[in-house]
Every structure is written in C-alpha cells, then in structure tokens.
Amino acid sequence: MKFTVTSRGDDLSNTLQQRIKRYLLDFGLIYDEETPEMVVTVGGDGTLLQAFHDYSERLEDTAFVGIHTGHLGFYADWVPDEVEKLVIHIAKTPYQIVEYPLLEVVIRHEGEGKSERHLALNECTVKSLEGSLVSNVQIKGDTFEVFRGDGLCISTPSGSTAYNKALGGAILHPSLASIQIAEMASINNRVYRTVGSPLVLPQHHTCLLKPLNNVDVQVTIDHYTLDHKRVKSIQCRVAEEKIRFARFRPFPFWKRVKDSFIGE
C-alpha cells in the first residue's frame with residue numbers, strides 16, 4: 001500500500017511524522033506523496049483539513065487517518081502514545097471505510113461563462129468586503145428570502161461543530177447527507193425579512209445565493225479565503241464526492257461532541 005504522512009510543523013508532530021514514516025517503510029509499505037492510498041496526518045483537525053484539500057482530486061482512491069498532538073479533534077482520533085498501535089493496524093489490519101459528506105460550492109461571475117468549483121469539508125462562508133451583504137437566497141430554484149446582514153455560513157454535518165455552532169446552528173450527525181445554512185447577524189425590518197433560523201437542506205436540494213447590492217464578496221472555503229468581484233451567484237449543495245476515513249476502531253461522533261464541548 002502507498003502512503004504519505006503530513007505534519008502540522010511543530011517539533012512533536014514532525015518527530016512523530018518521521019517515526020511513522022520509518023515504521024511503515026519497515027513494514028514494506030511504499031511512501032508516495034503523489035498518489036497515496038492512505039494519508040496519515042499528525043497535528044490536529046487543521047492538518048487533516050489541509051491534507052483533504054491537497055488530495056481533493058483523489059478522494060475515491062485515498063483514505064485519511066489523523067493523530068492529534070494538541071486538543072481532541074473531530075477528525076484526528078489517535079493520540080501520540082498510540083503511534084505504534086496505529087502503525088501495526090495500518091500495516092496488518094483490514095480497515096473499515098467511513099464516508100462523510102462534503103459541500104460543493106460553485107461561484108459564477110457576471111459576464112463570464114466559466115465557473116469556479118470548490119469542495120469544503122467544514123464550511124463555506126459568504127460576506128461582503130464593504131458593509132452588509134444583501135443577497136437573494138434561492139432554494140430549489142425558488143426565492144426563499146432576501147438576506148441582509150454580516151453574511152451566511154453553509155456547513156457540512158461534520159463541519160456543523162465548527163463556525164456553524166458558534167452561529168447557533170444545529171450539530172448534525174455526519175451520516176446525514178445534508179448542508180446547513182446559518183445566518184450571521186441578519187438585519188430584519190419592513191424591507192428585509194429572514195427566517196432567522198438555521199436551515200438544513202437534504203441531498204439534491206440546492207441553495208443559490210445572488211448578491212444584490214453590487215459589492216465585492218469574500219468567500220471562504222474551509223480555511224481558504226477568496227475575494228471575488230462581480231459575483232453573479234454562489235451555488236451550494238451536497239457534493240457527489242465524499243471524504244473517506246480509515247477506521248480501525250469505533251470513533252462515535254456523539255462521544256466526540258461530548259468530550260469536546262461538555263467533558264466529564
């Protein structure tokens with residue numbers, strides 16, 4: 001099996017990265033940064049998020065597994081003391097594949113035929129670079145509302161515990177193929193009226209945002225920030241692709257939620 005190991009870049013993560021690489025090579029696995037079948041990330045959720053974007057063109061052929069060297073992560077489920085155990089699992093044990101849904105974001109510009117397509121593991125946010133964002137919000141081709149406020153956050157179920165949660169959105173289990181729309185400080189008056197509640201859209205339901213006040217728009221895709229001029233529309237829906245995680249033991253989602261936000 002071909003593998004690669006990525007690191008957050010701190011001393012502990014770099015040391016573990018080299019140790020894992022050496023152990024797996026000793027077991028006869030092949031180190032391949034270009035076309036790995038497994039990507040081991042050492043650091044935290046941000047490290048795995050970066051690896052996802054680095055290998056987003058190989059999602060059907062690549063599985064991910066994460067070791068967290070900081071706080072407990074939602075994607076990184078192994079700890080440094082378990083490195084030897086994990087290496088043996090990777091080298092010797094058949095593993096289960098667990099798939100999580102992703103968000104597809106398509107950005108179109110005024111007067112241009114081509115569009116930009118992005119995949120997000122956590123979320124996409126849309127804000128104005130100057131003043132409030134005023135945007136028509138369409139769901140399944142019909143206008144749902146005209147939003148005015150700081151911006152909108154469209155998240156995946158696995159990303160629902162991140163920025164979406166801070167905005168008052170619901171936490172969704174990753175087995176639900178869906179996306180969630182959460183408002184950032186909406187302005188409600190006689191002219192603009194929003195539902196004022198997060199919306200959960202199932203698979204095959206498309207959300208289309210059409211900015212109305214001719215401002216430059218800032219779009220984030222996970223940790224990447226993109227500034228756009230003359231945006232015609234931003235289309236969001238559940239992607240056909242999924243991220244694949246290698247599971248060697250149970251990793252219950254609700255236990256992660258409890259450990260992260262409630263504790264003992």
Side-chain angles (χ1 to χ4, degrees), residues 39 41 44-60 62-66 68 72-77 97-107 116-127 137-140 144 151-184 197-209 218-226 234-247 251-261:
V39 176
T41 67
D45 283 349
T47 313
L48 196 143
L49 203 63
Q50 181 62 53
F52 159 73
H53 283 278
D54 290 342
Y55 294 99
S56 60
E57 301 297 323
R58 290 188 43 82
L59 295 179
E60 290 186 3
T62 300
F64 297 83
V65 61
H68 62 83
L72 177 66
F74 275 88
Y75 299 122
D77 53 330
I97 289 292
V98 176
E99 296 181 327
Y100 282 7
L102 301 170
L103 171 65
E104 177 192 78
V105 181
V106 178
I107 304 173
E116 298 178 28
R117 182 178 185 267
H118 304 274
L119 291 176
L121 176 55
N122 273 356
E123 74 272 307
C124 163
T125 66
V126 182
K127 301 178 182 178
V137 180
Q138 295 183 2
I139 298 177
K140 290 190 68 179
F144 180 78
L152 292 163
C153 174
I154 301 93
S155 62
T156 66
S158 56
S160 66
T161 58
Y163 193 14
N164 168 79
K165 180 179 180 297
L167 294 171
I171 295 177
L172 302 180
H173 194 279
S175 63
L176 301 173
S178 58
I179 61 173
Q180 184 169 182
I181 307 168
E183 299 178 354
M184 304 176 200
S197 174
L199 301 174
V200 179
L201 274 56
Q203 199 167 18
H204 309 308
H205 283 207
T206 298
C207 168
L208 189 68
L209 308 179
Q218 182 183 81
V219 180
T220 66
I221 305 292
D222 292 331
H223 56 298
Y224 290 102
T225 299
L226 313 169
I234 301 168
Q235 176 182 290
C236 299
R237 64 182 178 184
V238 178
E240 293 184 4
E241 302 94 328
K242 295 183 178 181
I243 187 172
R244 303 164 71 246
F245 292 99
R247 289 281 186 265
F251 190 38
F253 177 74
W254 295 120
K255 184 178 185 303
R256 277 175 279 159
V257 172
K258 177 183 177 182
D259 290 346
S260 294
F261 298 115

Take M184 and T125 through the side-chain contact (heavy atoms from CB on, under 4.5 Å) test and state the conclusion after the steps. CA-CA 10 Å; M184 304 176 200; T125 66; 3.7 Å; yes
L119 vs L59, test: side-chain contact (heavy atoms from CB on, under 4.5 Å). Steps then yes/no. CA-CA 11 Å; L119 291 176; L59 295 179; 4.0 Å; yes
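- Remark: T62 engages R58 in a side chain to side chain donor-acceptor pair (under 3.5 Å) (not counting sequence neighbours).
- Qualifying side chain to side chain donor-acceptor pair (under 3.5 Å) partners for R237, counting only residues two or more places apart in sequence or in other chains: E104.
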Working for side-chain hydrogen bond (donor to acceptor under 3.5 Å, both in side chains), residues E116 and H118: CA-CA 7 Å; E116 298 178 28; H118 304 274; 3.2 Å; yes
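- Ion pairing of R117 with E241 is present here, as a side-chain N (NZ or NE/NH1/NH2) and a carboxylate O approach within less than 4.0 Å.
- Seen from the ring of F251, R256 counts as a face-on cation partner, given the 6.0 Å and 45° thresholds.
- L102 pairs with exactly one of N122, I243, V238, I179 by the side chain to side chain contact (heavy atoms under 4.5 Å, CB included) rule, that one being I243.
- Applying the 6.0 Å contact sphere to CD of E57 captures no more than 12 heavy atoms from other residues, nucleotides or ligands.
- Atom CD in E123 sits 9.0 Å away from atom CG in L103 (nearest 0.5 Å).
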What verdict does the side-chain contact (heavy atoms from CB on, under 4.5 Å) test give for L208 and I139, after you've listed the backbone C-alpha separation in whole Å, the side-chain angles of each residue and the deciding distance to 0.1 Å? CA-CA 6 Å; L208 189 68; I139 298 177; over 6 Å; no
Take Y163 and S155, measure what side-chain contact (heavy atoms from CB on, under 4.5 Å) needs, and give me the verdict at the end. CA-CA 8 Å; Y163 193 14; S155 62; over 6 Å; no
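- Looking at every heavy atom in both residues, P198 comes nearest to G169 through CG-CA, 3.7 Å.
- Rounding to the nearest 0.5 angstrom, the gap separating the OH atom in Y100 from the CG atom in L176 is 11.5 Å.
- Between R247 and D77 there is a salt bridge, with a side-chain nitrogen of the basic residue lying less than 4.0 Å from a carboxylate oxygen of the acidic one.
- For the atom pair C207 SG and I154 CD1, the distance stands at 5.5 Å (nearest 0.5 Å).
- In plain terms, the two heavy atoms of A76 and D45 that are nearest each other are N-OD1, 3.3 Å.
- Proximity of a side-chain donor or acceptor of Q180 to a complementary backbone N or O of A170 within less than 3.5 Å is detected.
- S178 places none of its side-chain heavy atoms less than 4.5 Å from the side chain of P101.
- Side-chain polar atoms of Y75 and S158 form a donor-acceptor pair below 3.5 angstrom.
- Going from atom CG of L48 over to atom OG1 of T41 covers 4.0 Å, rounded to the nearest 0.5 Å.
- Taking NZ of K140 as the reference point, atom NE2 of H205 lies at 4.0 Å (rounded to 0.5 Å).
- Atom OG in S175 sits 12.5 Å away from atom CD in E99 (nearest 0.5 Å).
- Taking the ring axis of F261 as reference, the NZ or CZ atom of K165 stays within 45° of it and closer than 6.0 Å to the ring centre.
- Between V219 and C124, the closest side-chain pair of non-hydrogen atoms falls below 4.5 Å.
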Using atom types as modelled, flag every donor-acceptor pair under 3.5 Å from a side chain in residues 49-56 to any protein atom, sequence neighbours excluded.
residue, atom, partner, partner atom, Å
Q50, OE1, H223, NE2, 2.8
Q50, OE1, Y224, OH, 3.3
Q50, NE2, D54, OD1, 2.9
Q50, NE2, Y224, OH, 2.8
H53, NE2, D222, OD2, 2.6
Y55, OH, E33, O, 2.6
S56, OG, H53, O, 3.3

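- Put simply, the side chain of L172 does not reach to within 4.5 Å of the side chain of T156, judged on heavy atoms.
- Residues I97 and A63 approach most closely at CD1-CB, 3.8 Å, considering heavy atoms.
- Contact annotation: the side chain of T225 approaches that of Q218 to within less than 4.5 Å [non-hydrogen atoms, C-beta and beyond].
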